[in-house]
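Read through the structure below, which is laid out as structure tokens, and then see the notes.
Note that ligands are numbered from 1 as they come in the structure, with each ligand's atoms numbered from 1 the same way.
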Amino acid sequence: MKILVINCGSSSIKYQLYALDNKHILAKGVVEKIGMKGSFLKHEKETGQKVLFEGEILDHKIGIEYILGVLSSVKHGCISSLDEINAVGHRVVHGGEKFSESVLITDDIMESLLKFIELAPLHNPPNLKGIYALQLLIPDVPQVAVFDTAFHHTIPKHAFMYAIPYALYKKYGIRRYGFHGTSHKYVSNRACEILGLDPLKTKIISCHLGNGASACAIKNGQSIDTSMGFTPVEGLIMGTRSGDIDMGAVAYIMDKEKIGTKSASTLFNKHSGLLGITGISSDSREIRDAAEKGDERAILALKMFDYRIKKYIGSYAAAMGGLDLLVFTGGIGENSDATRYGVCEDLEFLGIELDQDLNKGIKMEERIISKAGAKVKIMVVPTNEELMIAVDTQNIVNKITKN
Ligand code: ADP
């Protein structure tokens, strides 16, 4: 079965075409700078050979046309006709309280998804644009929505509620939803698979550390808490997002700077985090370089980043009544031995003991990095949200073809 996985952002579309019979990627790529000058499609064939197409990609529909065109082209493609695509799986950021698992997209489902635009105004609209474009271009192909929020549906009410007037939860759905669910689910299951552990009997903390970052407490195979909340701005310190902050400080800043909600949202989502503290970059590599040259704010930002993760690990170990497995993923989690060291330092009392040699070096591969015999196993597991989306899509399509 061939499954096209689509991840639409505001100005980009990432895609992968899977032959799922052998978990094989036939082609992948990205359309970038949609609606801007210099838009392009970067396509990578199975052989690793890359091709670049520049053009006026004015909107998501044109972007999808480019993708379908290159996938089925004689020279660069990997399918002889679009009929070979059996299904499309879409990453959809917000599924609200309604969707606890992936769903086949129907007209009713589209109506529900439209309602969640209010909850995720930055993320859901481009996701929907991708769905509309594919419905138009290959109308007979089933499409599936896979939600970032779905894995966190098991978080109990005492953990997902905010202590605000209950009426606001009922009226507007103000609660913790959590994001990165597909990634937390994938890396926690994969780590258990590698270690031969039963996920249903394992207490896991997974740390997805990329430009966006979140931690998740997974007990007996279920997410029981996560650091992102009503929106992806809460929790850990991120590339440009503040993470946890006293709302009293938010109100004070808005008052003093005379800014409204829109500017405040931009301030805490786009100008804060590592970028805000350092004034250098949101990219942890550039900050690490500056720190090595003695830049004090870069040193501070990295310490704050690690410290915040450490606090979440402590609180989640308490929430689960113990810890068996700690997993690092995402661009920073997979690559930065220094971050993993900074996070794990002084956590021996919890049974977290990093093996310095195993931890060392930049290699994006699955591996155990804890000391032999340590109580808590520590692993690096590169995330693979696309594979999860493809597998969920296949399972749903198989179900409908059987019925
Ligand atoms: P996104 O959340 O956008 O998917 P990624 O998971 O790609 O982001 O993570 C981006 C982050 O990963 C950046 O801060 C980048 O500096 C960091 N990163 C990528 N490669 C390395 C590396 N080799 N060493 C340290 N950090 C890295």
Side-chain angles (χ1 to χ4, degrees), residues 5-16 28-33 42 44 91 93 120 122-123 126-127 146 148 178-184 186-187 190 206-216 226-228 231-243 269-292 295 297-299 301-306 308-309 327-344 359-367 369 380-389:
V5 174
I6 292 284
N7 181 355
C8 279
S10 56
S11 63
S12 71
I13 309 172
K14 292 188 191 137
Y15 65 94
Q16 291 196 358
K28 62 181 179 183
V30 62
V31 176
E32 282 188 37
K33 297 195 168 181
K42 208 164 38 181
E44 188 177 330
R91 175 186 181 213
V93 169
L122 301 176
H123 298 96
N127 300 159
V146 179
D148 268 23
F179 300 88
H180 284 153
T182 313
S183 175
H184 289 302
Y186 173 79
V187 298
R190 181 72 192 127
S206 75
C207 299
H208 179 117
L209 312 175
N211 284 318
S214 69
C216 183
T226 192
S227 58
M228 283 179 171
T231 74
V233 79
E234 197 185 356
L236 304 182
I237 293 171
M238 308 179 217
T240 62
R241 294 179 214 147
S242 64
N269 275 291
K270 302 244 157 96
H271 302 306
S272 297
L274 295 175
L275 173 67
I277 305 158
T278 60
I280 296 171
S281 168
S282 61
D283 190 303
S284 68
R285 279 167 295 196
E286 288 177 36
I287 296 168
R288 180 88 42 202
D289 288 347
E292 276 162 17
D295 185 290
R297 273 159 58 186
I299 295 168
L302 293 172
K303 271 202 174 150
M304 289 169 69
F305 185 84
D306 297 350
R308 183 77 56 90
I309 300 165
V327 188
F328 287 98
T329 193
I332 302 172
E334 291 164 29
N335 292 300
S336 175
D337 49 5
T339 297
R340 291 190 300 260
Y341 176 80
V343 169
C344 294
N359 181 47
K360 242 184 238 157
I362 295 165
K363 34 184 179 191
M364 289 177 70
E365 60 188 36
E366 295 172 333
R367 63 195 202 276
I369 54 172
V380 174
V381 178
T383 194
N384 197 341
E385 288 155 292
E386 292 78 12
L387 177 62
M388 283 291 287
I389 294 172

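- In this structure, Y186 OH and M388 CE are separated by 9.0 Å, a value rounded to the nearest 0.5 Å.
- Among A338, S284, S183, G331, the residue whose heavy atom lies closest to atom 14 (O) of ligand 1 is S284.
- In summary, the atoms of ligand 1 found under 4.0 Å from a heavy atom of G212, numbered by their order in the structure, are 2 (O).
- Residue N335 holds the heavy atom nearest to atom 24 (N) of ligand 1 of all those in N211, N335, T339, L209.
- Although no hydrogens or angles enter the test, the distance criterion places no donor-acceptor pair under 3.5 Å between the side chain of R241 and the main chain of G273.
- Note: no N/O pair closer than 3.5 Å links H208 and ligand 1 by distance alone.
- In this structure, the side chains of C344 and F328 come closer than 4.5 Å at one or more pairs of heavy atoms.
- In this comparison of I332, D283, I287, the heavy atom closest to atom 11 (C) of ligand 1 sits on I332.
- Ring geometry for H208 against H180 counts as parallel: the plane angle stays under 30°, on a 0 to 90° scale with 60° as the upper cut.
- Side-chain atoms of N269 and T240, non-hydrogen and from C-beta on, never get closer than 4.5 Å to each other.
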